[in-house]
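Both ligands and their constituent atoms are indexed starting at 1 by order of listing.
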Amino acid sequence: MKTPNVRRAATILRRGGLVAFPTETVYGLGADALNPEAVCRIFEVKKRPRFDPLIVHVASPEQAAALWDRMDPAALRLIQKFWPGPLTIVLPKSSMVPDIVTAGLPTVAVRMPAHPVALDLIRALGRPIAAPSANLFGRTSPTTAADVREDLGSKVDLVLDGGPCRVGVESTVVAIEKGRGFLLRPGGISLEDLRKVLPMASNISLPRRQAGDRRRFAPGFLKSHYAPRTPMVLVNGARSFFKKNTDARIGFLSHPKDLRKAASNLFQAIRKLDKMKLDLIAVERVPARGIGLAIMDRLKKACGGKAGRKTAERMLNNAARRKNRAKK
Ligand code: TXA
Ligand code: MG
């Protein structure tokens with residue numbers, strides 16, 4: 001089912017251009033993964049630091065196998081269970097993968113997305129596609145084509161519109177070493193589900209060899225990421241607490257009980273609040289189980305680690321002071 005747009009997109013990629021495309025998690029900003037100049041443009045357009053490696057998207061396990069040094073039995077079990085889907089697997093890379101894709105790391109992150117347009121595009125190109133989320137570095141990931149246009153606009157050659165993303169948070173990133181999984185970023189596949197297939201390191205942790213400098217290779221670990229421009233703070237029960245307390249403009253973000261729904265609405269809700277010129281966005285927590293672990297991870301980063309009522313009050317006072325100063 002190759003639509004004319006997908007065919008056009010593949011032609012653009014073949015010539016070294018950039019195409020934003022839908023996946024089940026978030027929109028990706030894609031380039032031909034085997035063309036270093038094209039991949040270089042991804043970093044420029046996103047203003048992404050060169051030390052932050054990209055995920056390579058494939059349309060089959062065989063295509064993944066060619067990117068890795070060797071197919072790992074533990075990886076194969078994960079692939080059989082979770083591909084196509086929101087799981088990214090990190091293993092030692094083959095010589096086929098350009099260094100710029102992996103930011104010089106000896107490993108490469110690969111996933112097979114569960115979205116017909118993404119799969120059609122990879123098949124039409126006949127090569128793997130390197131793609132980060134299609135937002136400016138450090139900002140909220142896009143879950144609609146309109147979000148992509150807002151962030152990157154004319155800087156991409158084409159935006160393929162596949163409607164809103166179903167999962168709404170990025171893929172789970174897992175490194176595999178000696179038959180064991182290491183959770184590098186919680187995401188669309190839960191830790192509980194991974195554990196049914198593979199022994200997983202208990203907390204978000206890294207293989208020892210890589211743990212030396214978390215920042216260098218897994219910016220998922222940066223404290224502030226996925227961040228809106230409005231100050232944001234994690235605090236439960238904020239609505240009743242702040243109602244009487246202030247004349248500041250506060251946005252409240254609570255979540256549907258169904259955590260899957262919460263994930264799929266999350267980035268849209270943040271983007272919407274961020275456009276309202278608020279003084280503060282107060283965000284409710286969710287239980288850190290299932291996909292809730294990924295939601296909490298994104299929320300903590302969107303808040304830059306800021307949490308609790310005391311902090312929220314301090315942030316409000318600062319906002320009030322800023323306002324007064326602006327009035328004078
Ligand atoms: O759902 C997703 O994963 C989306 C869609 C477009 O597929 N992509 C995405 O890409 O979220 P990005 O670039 O925003 O996040 C990729 C994450 C980063 O935290 C990066 O550090 C990590 O994957 N990563 C990539 N290659 C790695 C490697 N070789 N070792 C460790 N982490 C790696
Ligand atoms: Mg991203």
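Within 6.0 Å of the NZ atom in Lys261, the count of heavy atoms belonging to other residues, nucleotides or ligands does not exceed 12. For Arg260, the CZ atom is loosely surrounded, since the number of other residues' heavy atoms within 6.0 Å does not exceed 12.
Defined by atom type and a distance below 3.5 Å, a donor-acceptor pair is present between the side-chain atoms of Thr88 and Ser171. Side-chain polar atoms of Glu170 and Ser133 form no donor-acceptor pair below 3.5 angstrom.
Distance check for Asn135 against the Mg ion (ligand 2): none of its N/O/S atoms falls below 2.8 Å.
Listed for the Arg48 side chain is a donor-acceptor partner under 3.5 Å among the backbone atoms of Pro53.
Remark: ligand 1 and Lys46 share no N or O pair separated by less than 3.5 Å (distance only, no angle test). At under 3.5 Å, a nitrogen or oxygen of Thr107, whether backbone or side chain, sits near a nitrogen or oxygen of ligand 1. Geometrically, ligand 1 and Ser133 share a nitrogen or oxygen pair separated by less than 3.5 Å. Not one N or O of Tyr27 is nearer than 3.5 Å to an N or O of ligand 1, by distance alone. Below 3.5 Å of separation, one finds an N or O of Arg185 facing an N or O of ligand 1.
Atoms of ligand 1 found under 4.0 Å from any heavy atom of Leu105 (numbered from 1 in listed order, with element): 28 (C), 29 (N), 30 (N). With ligand atoms numbered from 1 in the order given, ligand 1 contributes 28 (C), 29 (N), 30 (N) to contacts under 4.0 Å with heavy atoms of Val90. Contact atoms of ligand 1 toward His57: 5 (C), 6 (C), 7 (O) (distance under 4.0 Å to a heavy atom of the residue). Close approach of ligand 1 to Arg48 (heavy-atom distance below 4.0 Å) involves ligand atoms 12 (P), 13 (O), 14 (O). When each atom of ligand 1 is checked for a heavy atom of Leu184 under 4.0 Å away, the hits are 31 (C), 32 (N). Near Ala109, meaning under 4.0 Å from one of its heavy atoms, ligand 1 places the atoms 25 (C), 26 (N), 27 (C). Taking every non-hydrogen atom of Thr25 and a distance limit under 4.0 Å, the qualifying atoms of ligand 1 come out as 1 (O), 2 (C), 4 (C), 5 (C).
Side-chain contact between Thr107 and Thr102: absent, with no pair of heavy atoms (C-beta onward) separated by less than 4.5 Å. Side-chain contact between Pro113 and Ile122: present, with at least one pair of heavy atoms (C-beta onward) separated by less than 4.5 Å.
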>> One pair to check against side-chain contact (heavy atoms from CB on, under 4.5 Å): His115 and Phe21. What are the steps and the verdict?
In response: CA-CA 10 Å; His115 195 294; Phe21 63 96; over 6 Å; no

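Checking Leu54, Ile55, Val167 against atom 16 (C) of ligand 1, the nearest heavy atom belongs to Ile55.
In summary, Lys196 and Asp193 engage in a salt bridge, as defined by a charged side-chain N under 4.0 Å from a carboxylate O.
Between Asp151 and the options Lys46, Arg139, Arg271, a side chain to side chain donor-acceptor pair (under 3.5 Å) holds for only Arg271.
At least one heavy atom of Arg111 sits less than 4.0 Å from an atom of ligand 1.
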